[in-house]
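Per chain, numbering begins at 1; letters A, B, ... match sequence-line order. Nothing here was measured: the structure is a model prediction, and the numbers come from that model.
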Amino acid sequence: MAEIPQGGFTAPKGIPEYVGPEFTAVRDTLVREADRAGYAHLELPVFEDTALYARGVGESTDVVSKEMYTFADRGGRTVTLRPEGTAGVVRSVIEHGMDRGTLPVKLRYQGPFFRYERPQAGRYRQLQQVGIEAIGVDDPALDAEVLAVADAGFRALGLTGYRLEITSLGDATTRPAYRAELQRFLEKLDLDEDTRERARINPLRVLDDKRPEVREQLAGAPLMVDHLSDEAAAHHRKVLGYLDDLGVAYTENPWMVRGLDYYTKTTFEFVHPGLGSQSGIGGGGRYDGLMAELGGPALSGVGFGIGVDRTLMACHAEGLEVAPARRVEVFGVPLGEAARDRLVGIVGQLRRGGIRADLAYGGRGLKGAMKAADRSGARYALVLGERDLDGGVVQLKDLSDGSQTEVPLDGAVAAVDRALGS
RNA sequence: GUGGGUGUAGCUCAGCUGGCAGAGCACUGGGUUGUGAUCCCAGGUGUCGCGGGUUCAAGUCCCGUCACUCACCCCA
């Protein structure tokens with residue numbers, strides 16, 4: 001642990017930093033699957049009016065009530081670093097009238113989100129997500145598409161140890177009655193003060209309690225899936241049918257609860273065992289009331305958010321190599337200043353030709369330069385010394401087997417091209 | 001917000017019941033006056049997290065404090 005910062009500065013608490021290609025490889029793989037299904041990139045603000053989240057996500061949620069980074073800007077407006085993506089997307093769709101074109105509006109986003117929590121394995125204050133939203137059409141096939149896109153992303157990374165859990169939270173026609181019934185059930189149980197309070201504010205969340213003594217008492221609890229409206233039940237059956245058609249495996253989990261208030265009908269979570277005490281690598285669902293709640297037309301929507309940090313953790317847990325360590329393909333090794341001057345130009349030419357290339361800078365010795373070439377992961381080294389310069393040649397060395405061929409200095413770029421092409 | 005664990009070299013860590021601060025990796029140079037990944041030799045760094053206390057003597061024991069970390073909670 002680097003607790004003694006050399007310069008006195010450290011990254012803010014709970015924020016992971018990534019060096020190297022792995023993080024972007026995971027993120028880009030997930031994004032690619034969204035592109036493949038026709039979701040357009042949407043670049044969103046990283047902070048919004050605090051009221052957007054209070055209204056959209058729900059005052060009673062933990063996210064809003066105690067995890068937001070909220071502050072006043074210089075104009076006295078109260079803003080909040082975005083804790084999730086859906087509210088911002090919906091706001092943008094309404095603001096720009098995107099719902100007036102062809103429906104559904106299919107959008108994807110990526111980037112950092114912020115929640116003020118105690119950090120631990122797989123839980124960060126700045127977390128990275130890739131998400132998609134499909135707004136404006138209440139079609140169970142769209143729910144299935146969203147799930148299939150997420151599933152395809154995980155598969156493309158080579159993940160096999162995850163599971164999709166799914167249920168339905170019903171709709172506004174039957175949820176209030178169910179909620180009241182659940183509350184009556186919970187009132188009779190022997191629960192601690194915090195849990196009783198939660199039962200009062202958001203009884204659904206009590207169902208998700210992990211403590212054995214609570215779980216036991218919940219055994220006979222009424223479940224939402226048994227109280228669905230005819231329409232919601234039909235929708236749910238159709239979604240599961242499409243998932244079968246799409247070859248997406250799932251497990252029904254009627255106990256599942258989400259932390260955000262806007263979900264209706266289809267609700268899901270992708271879980272993975274390799275994340276420490278966290279389990280979700282992605283989650284989402286349908287939100288049929290959110291557009292109207294935020295002042296837009298009464299259109300439905302469905303989407304997911306995938307945690308890139310956690311997905312990377314899952315890849316590590318499964319021992320997957322998510323990105324090649326090879327930084328460059330060719331490495332220039334100069335002996336002396338004249339050779340270095342010449343290689344600077346050659347490396348530039350290689351890069352212009354689309355070949356990843358690097359050079360031993362700083363006038364280190366031959367041995368050190370060769371070592372740098374080795375560490376770079378390059379397949380070839382271009383070794384150039386005084387004798388070569390005099391003869392108008394350069395040594396092209398294959399670092400995997402140590403073989404070396406002499407090529408004309410003028411034809412160095414072409415020779416590298418040929419070597420890499422073979 | 002509530003608990004537990006850990007702070008020693010750039011990194012990963014060892015250092016027993018107090019007695020001269022160590023190893024591996026990495027880095028640099030040499031063995032090879034022009035060849036890496038292997039091998040051999042050499043080289044350097046430490047406010048032992050910080051502050052106090054006990055002691056002839058503290059990395060080691062005690063108190064405090066900060067940081068990191070894991071877990072509860074919650075979620076991506």
Notebook entry, point to check: Within the pair A:R375 and B:C27, is there a side-chain N or O less than 4.0 Å away from OP1 or OP2?
Noted result: yes
Margin query: For a quick check, tell me whether the side chain of A:R310 and the base of B:C75 share a donor-acceptor pair closer than 3.5 Å.
Written below: yes
Item checked: side-chain N/O A:R258 vs B:A76 OP1/OP2, d < 4.0 Å -> yes
Item checked: For atom CZ of A:R118 and atom P of B:G3, their distance in whole Å -> 10 Å
Note to self: Can you tell me how the ring of A:Y263 sits relative to the ring of A:Y287, calling it parallel under 30°, perpendicular over 60° and tilted otherwise?
What the structure shows: perpendicular
Notebook entry, point to check: Hey, is the side chain of A:Q120 poking within less than 4.0 Å of OP1 or OP2 on B:C72, counting only N and O atoms?
Noted result: yes
Check: Ignoring hydrogens and angles, are the base of B:U35 and the side chain of A:K397 linked by a donor-acceptor pair under 3.5 Å?
Finding: yes
Next item on the list: Decide yes or no, distance alone: a donor-acceptor N/O pair under 3.5 angstrom between the base of B:A71 and the side-chain of A:Q278.
Entry: no
Check: So what's B:C25 paired with, Watson-Crick or G-U wobble, going by both distances under 3.5 Å?
Finding: B:G10
Next item on the list: Using distance alone, with no hydrogens and no angle criterion, decide if A:S300 and A:D138 have a side-chain donor and acceptor under 3.5 Å apart.
Entry: no
Notebook entry, point to check: Reckon A:T61 has a side-chain N or O less than 4.0 Å from the OP1 or OP2 of B:C74?
Noted result: no
Item checked: Complementary nucleotide of B:G3, counting Watson-Crick and G-U pairs under 3.5 Å -> B:C70
Check: Does A:K13 have a side-chain nitrogen or oxygen under 4.0 Å from the phosphate oxygens OP1 or OP2 of B:C68?
Finding: yes
Next item on the list: Rounded to the nearest angstrom, tell me the gap between atom NZ in A:K367 and atom P in B:G36.
Entry: 6 Å
Check: Considering Watson-Crick and G-U wobble pairs with both distances under 3.5 Å, what does B:U33 pair with?
Finding: none
Next item on the list: Mind checking A:S279 for me? I need base, sugar-phosphate or nothing, with any heavy atom below 4.0 Å counting as a touch.
Entry: base
Check: Is the shortest side-chain N to carboxylate O distance from A:E293 to A:R55 below 4.0 Å?
Finding: yes
Item checked: Worked check of salt bridge (charged side-chain N to carboxylate O under 4.0 Å, His left out) between A:R184 and A:E187 -> CA-CA 5 Å; A:R184 281 195 297 278; A:E187 275 166 21; over 6 Å; no
Check: Of the candidate nucleotides B:G36, B:C70, B:G34, which contains the atom at the shortest distance from the side chain of A:D388?
Finding: B:G34
Check: Is there a donor N/O on one and an acceptor N/O on the other, under 3.5 Å, for the side chain of A:Q404 and the base of B:U35?
Finding: yes
Margin query: At less than 3.5 Å, do the side-chain atoms of A:R123 and the base atoms of B:C73 form a donor-acceptor pair?
Written below: yes
Checklist line | First encountered from the 5' end of RNA chain B, between A:L275 and A:G283 | finding: A:L275
Next item on the list: Using both distances under 3.5 Å as the test, list the Watson-Crick or G-U wobble partner of B:U54, or none.
Entry: none
